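Heavy atoms only: backbone and side chains are in, while hydrogens, waters and symmetry mates are out. These figures come from a predicted structure and were not determined experimentally. Numbers restart at 1 for each chain; the letters A, B, ... are given by sequence-line order, proteins then strands.
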Amino acid sequence: MIDVFAVRFEFVAAIVVLGIGLYLTIGDRGLVKKIIGLNLFQTAVFLFFISASLRDGGAAPLLTESGGPYVNPLPHVIVLTAIVVGVSLTAVALALLIRIHDAYGALREDVIEGLIDDG
Amino acid sequence: MGELALLLAVPIVAAGLIVAVPSRRWSPRFATLLVLGAQVGMAGWFATRALGSMGVRQVMGGFRVPFGIEVVLDGVSMLVVLLIAIVAFAIVWTIRSGARSSGFYGLCLLLVAGLTGVAIAGDVFNLYVFLEISGLAAYGLVASGRGGKGALSALKYLIVGTVGATLYLLGVAYVYVVTGTLNMADLAVRLPEVAGYGSPAVLAGFVLIVVGLGVKVAIFPMHVWQPDAYADAPDDVTALMAALVSTTAAYALLRVVLDVFTVSFLLANPLLHDVVLLAAAVSVIVGGVFAYRQEDVKRMLAYSSVSQFGLIAMGLLLATETAVFGALLHLVGHAVMKAGLFLAVGVVSLTVGVRTVDGYAGLVKRSPVLAGGFAVLALALVGIPPAVGFVGKWYIALGAIEAGSWWMLAVIMVSTLITLAYVARLLERMFMRDPGPKEDGLDGLVTLNATSVSVLVAAVGAVALGLAGPWIGGLVAPAIEVLVGA
Amino acid sequence: MDRGLGCTGDRGVGGSMIMPDAWLPGLAVLVPALSAGVIFALSKRPNLREAATLGAAGGAFVLVAWIVRLVLAGEKVALDAGVLVPGVRLAFEVDALGALFALLASGLWIVTSVFSIGYMRGLKEHAQTRYFASFAASIAATLGVAFSANLVTLFLFYELLTVATYPLVVHDETDEARAAGRKYLAYTFSGGVAVLTGTVLLFWSTGTTSFVNGGIGSVAGVNLGLARVVFALLAGGFAVKAAVMPLHSWLPNAMVAPTPVSGLLHAVAVVKSGIFGVARTVLDVFGPETMHQIGMHTFVAIGAGATILVASVIALQKDNLKRRLAYSTISQLSYIVLGLSVLRSEALVGALYHIPAHGFMKLTLFLCTGALYVETKKKNISEMAGVGRRMPLTMLAFGIAAAGMAGIPLVAGFASKFYLLLGAGDAGAWWIVGVYVTSGVLNVAYFWPVVSQAFFEEAEADPKPLIDHPMGGQAERDVLASRTPLNDAATTGFHRVPVGREASWLILGPLLVTTLGSLVLGVAVDSAVFMALAEQAVEAVMAP
């Protein structure tokens, strides 16, 4: 297990980014930061996915080129799709943030909860 | 060739058109109903073709399996597709015309498309994409009410839901790294061949996928988004969500666990199997206890869903033929019952202005018909025979015995009593107390409008589904045999 | 998976033969069930509504009587309404035991309906429509229980019965009534869950839940430990409604219901559906032979014997007449359970005969109590001094029924108790004989004060032994004395009224009919149809 991480330092990077993202999402009280954290979290998974397609000495899988080992194209397609999903999510989240800001004038969880409790 | 994709294309294109074309001279509600009607028709037509044991499998874009995007309609997904179309139609039908913008109807159709996609996706990545499409639509719908509270709950739902979906994606990545494929049928073959069921990567993949889907299903303790989202969403949206969103996620769980990892995987990892069963059982009990302690009726019903989905998860994780069918029947039955109950809550809140358990006092004097329908649905939820709640529970209990799991039998039986406790608390107030004050400016009398009719239809449906249980069992038996026997 | 998920399963009851009379039991259940709907529809027209109740009661009784005639002729009346869950059909099959219970419930429903009309109108009760509709629904469910051909169908109607009777228990809508309702639901549904668990286990281990007179054959092959668990769950679950101690405490609380409800449902229909379930479990699921093998009948006997004595002693201490009757019911129901556990022909006949015998007598007692309440608003025995002069016919009926309860000859209770004693003696179970005899004495002890208060006491009476509260009917003495100089209210606290005018005939008629029934069941034992049914039922079980 350890040697995998030694060779594939991208995996280590993915785990670090994942941790940061999850921490921001759960631990921070600011709603904007939560969304940033969510993006980081997703990006880490994309990184993990894409690095799995790596092949030492592999070429881009273009049929016009001469043969030889290619890197796996499928993860690229998948991550591309997942990025689109992530962008749409972020867009919806930002739209919601605007609504929340209009309603409460604040973007911090604790402040808004206080406002709701006060009625 | 590829006509199954119509089930997805029609609502998606229609959603785009409804939002894009200015609606001064036509009613978006009517158009949505037309599209959903067509969806019901298509689902029905495909369902008749899917009744063979293998169902219909189609690959998009001329690729070969397992490289192309495959969609599958078998006896099990056919039930879910039909359910989505019919329930969505019924709920949109209850919305007063002019009450909603065309954007709202667009989101409804997008939700239907996303959920249908989850139901018929043949590979684990497309499952993720459709899960997120339905999720996006659901976040938008939850926020479609007025005020900031809906938006806040929607954002919470978005954050938790996205974390769940991303965990699922991470799990898919693990499985992909090990096997090099994403097609469900292909994965089922290659997981044991290439990696073996004991491989840490496969185990990690399983856990991440189950946790990710568990968030979407709202299994305790991943349910935190659900009561807020249900309570703060507009009532018709709550009905739609409670009936369909968690239901489809639970279906996805069933697909992935039984179709991808298969029963052999569960048998090869008894400890993991026990842990996930235990989690489901805890959800049953804790959800029920929380439901009993709620004052807000919508929240009570929301926690009730946590409990009921625990029961469903238990049935499908037991992975015997009987238990899986029980879970499936309860899945469909629960959708019908909860849709009816939440619609009833909507009517009451609109006409009487009450939302709390105490506020429901004497409801029977305001509307005997609505209260009667509510009571039938609530008792069906408890599992009074011959309603569907009883039949589903019977199968799941029988499955628990077959698996030799006595403590699960006990949990199933105790859950009946817990359900009774919170349901009886509400029914007693509705039927055995004098009505309390209503909100000013409301007439306090429930008239027989589209929504109350839908509640009654749901009540009749809950009983009819129970009586039709064995018949449905006969229809889906081949598909379940394939699922469990593989 | 040999049972599959489809529409397979045992091909119903009595083979695939189509019975010409198959629709009878279905119709007998449907008539009261549909009448509940009609009653709701007629809520604005009370007279028509009550006509619907009486019509349905009459109709159901005629149908049941027809079924009884067929059953006595040795025919099996069966209806198969399709698959309920795979391997189990929604089916009716009426044997002698079911016919006995159905005849009792539907017959007494007519009487109680007439009384209910007098009672509800006499007291100007609220929510009368709900009352009559729930009553009809309860009877429909009771008949369903009686006719069920298998445990799952029985469970279905058993649970519906709980739901249908709940509004009747909570009828008053006071906090006390609601608390009683909650307790009622908690107890009976817990019992229901136990029954369901037992049923699922039985189905899994034998592949069937259909009743077979003398026991399901394959149940003998089940592992002994599992068979014990199944029996404990089924019998224990049914024992909740049968109010066997310590599962009884819902019954005294449920006495907050209107008196006709307490009379028909909580002395006949509901509690006896529990008894009926126990009887089905003992006779038609396990059967006497297997019962001996698994050896649980001794525990049942001990529980029932203890219930008989303890409940009788508690009854002695209750001043509220309905509560005293409730504990008397608890005690008398365990007569039946105890008789079943003896597993001898005579005892079984006695136990089954005690179902109608107790039904008639206890209903009489409750109807008398209701009549007293409508006319004098008295609920406690200590306030009833001299009431026999105000309501002589009522109290005479009460006395006769009470005598029957104690097992005095010429009343129904004697006949059933005679057989019970015979069976217990035959089995050599002398302690059971002792329990029955002791209980007879205790019955006298707790009923005598009521009779003596009514007929032999006057307002200034001395404190009675056996009652621990301040005695005497001083309640309205002064008021009445000053107002009615021409009667003896000064000494008894009650007016004297002409014989036959003591209460509305809607009230008096029914209770005299049930008294007469109690006497007929005690005198003309052999010509009363119930004995024939009981004997036929026992014969089918003991000589399969």
- Apply side chain to side chain contact (heavy atoms under 4.5 Å, CB included) to V152(C) and F390(B), showing your working. CA-CA 11 Å; V152(C) 182; F390(B) 166 74; 4.1 Å; yes
- Task: With a 4.5 Å cut-off on heavy-atom pairs, point out which of L185(C), L196(C), T199(C) contacts chain B the most.
- Result: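 Heavy-atom pair counts peak at L196(C).
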- Message: Counting heavy-atom pairs closer than 4.5 Å to chain B, which one of R130(C), R178(C), E173(C) comes out on top?
- Response: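 If we count pairs closer than 4.5 Å to chain B, R178(C) comes out on top.
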- Describe, in one word, how the ring planes of W406(B) and W204(C) are oriented to each other, choosing from parallel (under 30°), tilted (30 to 60°) and perpendicular (over 60°).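 Rings of W406(B) and W204(C): perpendicular, as their planes differ by over 60°.
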- Under a 4.5 Å cut-off applied to non-hydrogen side-chain atoms, are W394(B) and L84(C) in contact?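 Of all side-chain heavy-atom pairs linking L84(C) with W394(B), none is under 4.5 Å.
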- Message: If I take atom CE from residue M413(B) and atom CG from residue L233(C), how far apart are they, to the nearest 0.5 angstrom?
- Response: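 So the gap between those two atoms works out to 9.0 Å.
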- Message: Please report the interatomic distance CD1(I412(B)) to OG1(T197(C)), rounded to the nearest 0.5 Å.
- Response: 9.5 Å
For [X] against [Y], the heavy-atom pair lying closest together:
| X | Y | result |
| --- | --- | --- |
| P470(B) | V85(C) | CG-CA, 4.0 Å |
| L160(C) | I384(B) | CD2-CG2, 3.9 Å |
| P167(C) | M432(B) | CA-CE, 3.3 Å |
| L156(C) | P386(B) | CD1-CB, 3.9 Å |

- Task: May I have the step-by-step check of ring pair (Phe, Tyr, Trp, His ring centres under 6.0 Å) for Y166(C) and F431(B), ending in yes or no?
- Result: CA-CA 11 Å; Y166(C) 172 77; F431(B) 285 89; 8.8 Å; no
- Evaluate whether atom CD of E295(B) has more than 12 neighbouring non-hydrogen atoms of other residues, nucleotides or ligands under 6.0 angstrom away.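 Yes - once you tally the heavy atoms of other residues, nucleotides and ligands closer than 6.0 Å, there are more than 12.
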- Item | Heavy atoms from other residues, nucleotides or ligands near OH of Y292(B) exceed 12 (cutoff 6.0 Å) |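 Not more than 12 within 6.0 Å, no.
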- Message: Heavy-atom pairs under 4.5 Å with chain C - which of V391(B), L427(B), L420(B), T416(B) has more of them than the others?
- Response: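 Looking at each option in turn, the highest pair count goes to L420(B).
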- Message: With a 4.5 angstrom heavy-atom cut-off, is it the side chain or the backbone of L379(B) that approaches chain C, or both, or neither?
- Response: side chain
- Contact origin within I401(B) toward chain C - heavy atom pairs under 4.5 Å: both
- Query: Checking heavy atoms, do the side chain of Y158(C), its backbone, both or neither come under 4.5 Å from chain B?
  - Reply: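 Answer is neither: Y158(C) stays 4.5 Å or more from chain B.
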